[in-house]
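First the structure, in the form of structure tokens, and then the observations on it.
A, B, ... follow the sequence lines: proteins, then strands. Residue 1 opens every chain. These values consider heavy atoms only, across backbone and side chains, with no hydrogens, waters or symmetry-generated copies.
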Amino acid sequence: MFRKLLVANRGEIAVRVMRACREMGIATVAVYSEVDRGSLHVRMADEAFCIGPAPSAASYLNIPNIMSTAELTGVDAIHPGYGFLAENPRFAEIVTDCKIAFVGPPARAIELMGDKAAARAQMQKSGVPVIPGSAGVVAGVRDALTAAGGTGYPLVIKAAAGGGGRGMRIAQTPEDLPGALDSARREAEAAFGDGRVYIEKYLHEPRHIEVQVFADAHGTVLHVGTRDCSVQRRHQKLIEESPPPRMRDRITSALGRAAVRAAQVIGYVNAGTVEFLVDASENLYFMEMNTRIQVEHPVTEAVTGLDLVKEQIRVAAGEKLHFTGRDVEPRGHALECRINAEDPRSGFRPSAGTITAFVPPGGPGIRVDTHCYPGYAVPPNYDSLIAKVISWGRDRDEAIMRMRRALLEFEIEGIHTTIPFHLRVLDNAFFRRGEVYTNFVQRRLEMDAL
Amino acid sequence: MFRKLLVANRGEIAVRVMRACREMGIATVAVYSEVDRGSLHVRMADEAFCIGPAPSAASYLNIPNIMSTAELTGVDAIHPGYGFLAENPRFAEIVTDCKIAFVGPPARAIELMGDKAAARAQMQKSGVPVIPGSAGVVAGVRDALTAAGGTGYPLVIKAAAGGGGRGMRIAQTPEDLPGALDSARREAEAAFGDGRVYIEKYLHEPRHIEVQVFADAHGTVLHVGTRDCSVQRRHQKLIEESPPPRMRDRITSALGRAAVRAAQVIGYVNAGTVEFLVDASENLYFMEMNTRIQVEHPVTEAVTGLDLVKEQIRVAAGEKLHFTGRDVEPRGHALECRINAEDPRSGFRPSAGTITAFVPPGGPGIRVDTHCYPGYAVPPNYDSLIAKVISWGRDRDEAIMRMRRALLEFEIEGIHTTIPFHLRVLDNAFFRRGEVYTNFVQRRLEMDAL
Amino acid sequence: MSERIDFDQVREVIRIAAEAELVELDVESPSLKVRVKRAAPDPARDARRAAETDTEAAAGAHGHLETIAAPMVGTFYRAGSPDAPAFVREGDLVSEGQVICMIEAMKLFNEIQAEKSGRIARVMVDNASPVEYGQPLFLLDVTARA
Amino acid sequence: MSERIDFDQVREVIRIAAEAELVELDVESPSLKVRVKRAAPDPARDARRAAETDTEAAAGAHGHLETIAAPMVGTFYRAGSPDAPAFVREGDLVSEGQVICMIEAMKLFNEIQAEKSGRIARVMVDNASPVEYGQPLFLLDVTARA
């Protein structure tokens with residue numbers, strides 16, 4: 001097993017990884033930007049190195065400074081967390097070249113899944129159902145119109161390098177197509193420096209269901225349960241749960257099989273998440289694969305009892321998976337609410353500043369992952385996630401009531417948070433019934449009532 | 001179900017009960033003493049009434065003021081928590097007479113089990129194994145010598161009204177007996193205003209194993225798993241775990257059967273704990289029954305997934321148990337460490353004062369129950385328990401490593417706590433092997449090394 | 001609830017400034033900013049200071065109203081029965097031991113007596129409303145005498 | 001709850017100010033900002049200072065030290081090779097653009113140049129020791145000129 005591990009990240013996920021290391025007896029090295037000097041991940045680490053000024057490009061994305069730190073501190077493993085360099089194949093490659101274990105999949109798997117169009121083509125070839133659409137990138141309008149013949153209208157144009165809904169456009173009719181294609185390309189070019197786009201059939205009220213998969217370097221690939229992430233705002237997940245409500249076992253197992261196949265065909269290793277859309281008639285379509293640990297991994301940990309981050313580290317160290325398919329039978333129900341430093345009452349505007357009061361909830365069935373504490377200053381430079389609250393219950397109702405109770409007792413003063421938004425969702429009749437599709441937030445919540 | 005419930009207690013257990021109420025949609029009323037005005041249980045309640053000055057006798061034991069509050073606020077149930085009035089049969093009676101539901105067992109069950117000698121006799125009569133000893137109270141030295149004939153030496157003298165080791169003496173030889181009898185009586189008289197004592201065989205290196213039982217008003221009595229509470233200091237539990245390490249199923253089930261019988265023969269209702277001593281040759285002996293929720297109930301919740309406090313409230317409302325024997329199959333392993341405001345480096349001297357920094361641990365498998373927050377002043381008037389940390393793991397090793405990790409990240413400044421003590425226990429080789437008897441602390445830990 | 005000042009660090013800064021006999025010392029860290037200014041003792045100003053604090057102290061010692069608080073939880077009644085007159089009204093002079101109200105608790109009516117003589121300056125609770133332990137019921141001007 | 005002030009650094013700044021007999025000295029690094037003011041020997045100015053509240057006026061000609069911080073993570077070297085002389089020593093005058101040290105990162109040796117002219121008041125890191133981003137390497141007296 002590793003002696004010392006560097007966490008190339010910040011915030012709650014850096015804290016999460018260090019907790020796993022401490023439980024495994026592995027020493028930790030934190031890297032931080034100048035504004036994160038007082039962050040919990042710095043205080044929790046055995047060693048900490050400042051790697052640059054606040055802007056990510058100069059610090060958390062600064063590969064030379066991160067690798068120099070790894071060298072100077074003599075670590076034998078690097079965990080990238082999520083975001084920042086987690087899905088940068090070049091980083092994975094450099095780490096490996098330095099004879100340091102990268103706690104994640106092989107660079108080539110990251111690269112393949114990073115190219116959304118290529119991934120889609122690969123999956124289609126391997127018999128994983130994908131959303132009908134263009135065979136790869138569409139060169140121009142004629143190309144697009146051809147593809148449209150296969151998908152029908154409405155259709156959606158997506159960026160090949162995309163993610164988070166940027167470079168995404170919907171065309172209702174052939175007339176819309178040229179304009180939509182144009183703006184999608186421009187936005188993709190601006191966002192990713194890559195204007196290539198592809199076309200997919202538009203699905204009405206689909207659910208976002210994802211499958212957690214885990215593969216070791218010895219050929220074992222398992223799925224570790226499913227998560228429903230349909231509560232999204234502008235393609236940003238806000239609430240995740242497991243198991244997905246009102247989903248028949250037949251569909252759940254079909255998703256599991258498809259996800260395992262997806263991982264197998266690309267020779268995947270370590271933890272990954274295969275995202276699907278499931279439409280009203282229970283057809284499932286591959287969307288993309290995230291080649292890293294997810295923000296929402298705790299809901300799976302809550303219902304399975306597994307420690308996914310410890311498992312990641314073991315797999316990176318060459319060990320076999322420490323669990324079998326039987327061990328991952330879900331028990332009860334779990335929810336996660338992402339608490340962001342945003343003001344839901346004014347368009348989720350980021351709300352950086354000093355947290356003057358911070359009293360996290362506790363008691364039965366509640367888990368909190370956070371890097372905040374009283375007096376912590378939330379910097380404006382990064383992702384606005386300040387805490388994750390995970391609730392577990394013997395059934396969905398208990399999990400919901402526990403989450404409600406926990407959010408009501410969560411005291412955060414000095415900044416705005418998304419807690420009022422979550423409380424509204426938890427009290428929403430459609431949510432209570434589990435009737436949630438990816439358009440839930442815009443269709444079922446009156447934001448002004450917040 | 002109840003509309004409004006009064007919590008006749010303070011501290012973490014008051015917070016625990018209110019959490020259960022919030023999850024059930026029951027309004028809460030807090031009562032508090034003048035020093036507890038700023039306590040979390042007051043801030044969490046829907047209504048709060050000051051019932052007296054700091055001394056318990058004038059506030060948390062002030063039945064008239066508590067009942068007046070119940071009347072004025074119109075509650076339909078009262079939860080006594082543990083300690084204070086929880087095992088006062090008169091209080092249970094008064095509450096019931098006021099047509100308010102008492103969340104606990106019938107007064108007569110409290111009364112019977114409150115008289116340790118009578119309870120012992122009753123159990124013996126009902127075929128529950130008890131420690132060989134005097135048939136009830138010993139009148140004088142001759143009486144004691146007769147009993148000693150049955151028990152042999154060494155033997156232990158215990159207060160009939162006793163608990164927590166007060167009024168307890170060990171006699172190694174017949175010569176010791178008169179003196180030990182005398183001082184035991186005097187101490188019992190002083191501590192409980194009741195000098196009656198009884199005699200029991202002294203057991204060498206026993207384990208303290210207790211069984212959680214649950215009975216509804218419809219005749220169902222179930223045992224909900226066992227807990228090992230052998231890590232004690234002066235008869236005060238410090239660490240509890242479930243399931244007990246290295247215990248054969250045969251013994252576990254024997255304990256379960258004996259506990260259920262104990263509850264049945266006295267017509268017990270609601271949650272209770274039957275405490276046993278288990279000696280080296282796996283003989284089990286009934287010690288006493290606690291007719292209330294225990295401090296350590298969360299370890300049972302962690303391995304079974306049940307919410308024992310919610311279940312208490314449902315049973316008090318006349319509902320049937322919401323679980324069966326199958327539901328309580330333990331999953332994984334759980335530990336609880338009691339964090340007390342005491343200085344383990346100077347004889348566990350109480351350490352009241354203002355908590356200047358308070359950052360509780362979080363992450364996977366960790367639960368914290370506390371009434372503290374940054375700036376909270378720990379009053380010198382009450383029990384020194386300020387927080388309970390519960391860790392869960394797929395096996396005992398993971399639970400131990402998680403607890404260690406959690407205690408290392410638990411920041412409490414301004415007062416001394418027992419955290420350094422717990423860290424020593426967790427690193428102790430005998431504890432790691434599960435070789436823990438009730439003399440573990442005095443025999444296996446060098447306190448001065450703390 | 002918020003992060004507290006680390007006074008040990010403040011004292012340390014002052015100590016360092018004194019050791020080095022500095023006129024002024026500013027120290028700033030991400031969590032704390034301390035500015036120390038040391039000046040030569042000025043007897044005149046010290047005298048002024050002393051005078052000021054004296055007068056403040058004198059002014060502070062002038063509270064003459066005392067509260068009469070509820071000795072138990074219950075329902076506050078100003079009179080012995082619905083149609084009877086109130087035991088006391090604002091402005092009334094009361095003598096030690098005089099019944100000034102009743103608190104009903106557990107169906108029992110408890111007479112509450114004045115512990116000191118004085119004038120009822122204010123009645124702070126409405127008739128027939130619940131009171132908690134220690135809740136102020138009356139303000140009593142103990143300097144007023146019959 | 002938060003990182004503590006590094007009092008050794010504070011004392012060091014004061015010592016430097018005393019050595020240089022400065023009236024005022026400001027030193028600022030990412031994590032610490034220290035301002036020292038020392039009573040001047042001249043009694044006349046002393047009197048003025050007592051009268052004046054504005055420090056700027058009191059501050060006549062005083063030295064101002066600036067830190068030269070590490071622009072990257074790596075290993076700090078004072079010389080181009082083990083047997084070569086150090087690029088700069090304490091007391092040396094350096095001009096803008098002059099190489100003052102090297103930082104080795106990922107097997108690459110990066111020459112670090114002075115961004116301003118001045119006198120090296122202190123070398124704050126030992127040769128061949130690791131440095132993090134923004135770590136103070138030198139104190140430069142920018143008021144000193146050749």
Take C/Asp26 and D/Val36 through the side-chain contact (heavy atoms from CB on, under 4.5 Å) test and state the conclusion after the steps. CA-CA 7 Å; C/Asp26 296 2; D/Val36 177; over 6 Å; no
At a 4.5 Å cut-off on heavy atoms, which part of D/Leu32 comes close to chain C: side chain, backbone, both, or neither? both
Counting only non-hydrogen atoms closer than 4.5 Å, does D/Val10 touch chain C with its backbone (N, CA, C, O), its side chain (CB onward), both, or neither? side chain
Inspect the surroundings of [atom1] in [X] and state if more than 12 heavy atoms from other residues, nucleotides or ligands are less than 6.0 Å away.
{"X": "D/Glu90", "atom1": "CD", "result": "yes"}
{"X": "C/Gln98", "atom1": "CD", "result": "yes"}
{"X": "D/Glu111", "atom1": "CD", "result": "no"}

Sequence neighbours left out, what passes side-chain hydrogen bond (donor to acceptor under 3.5 Å, both in side chains) with D/Gln135? Give chain and number order. none
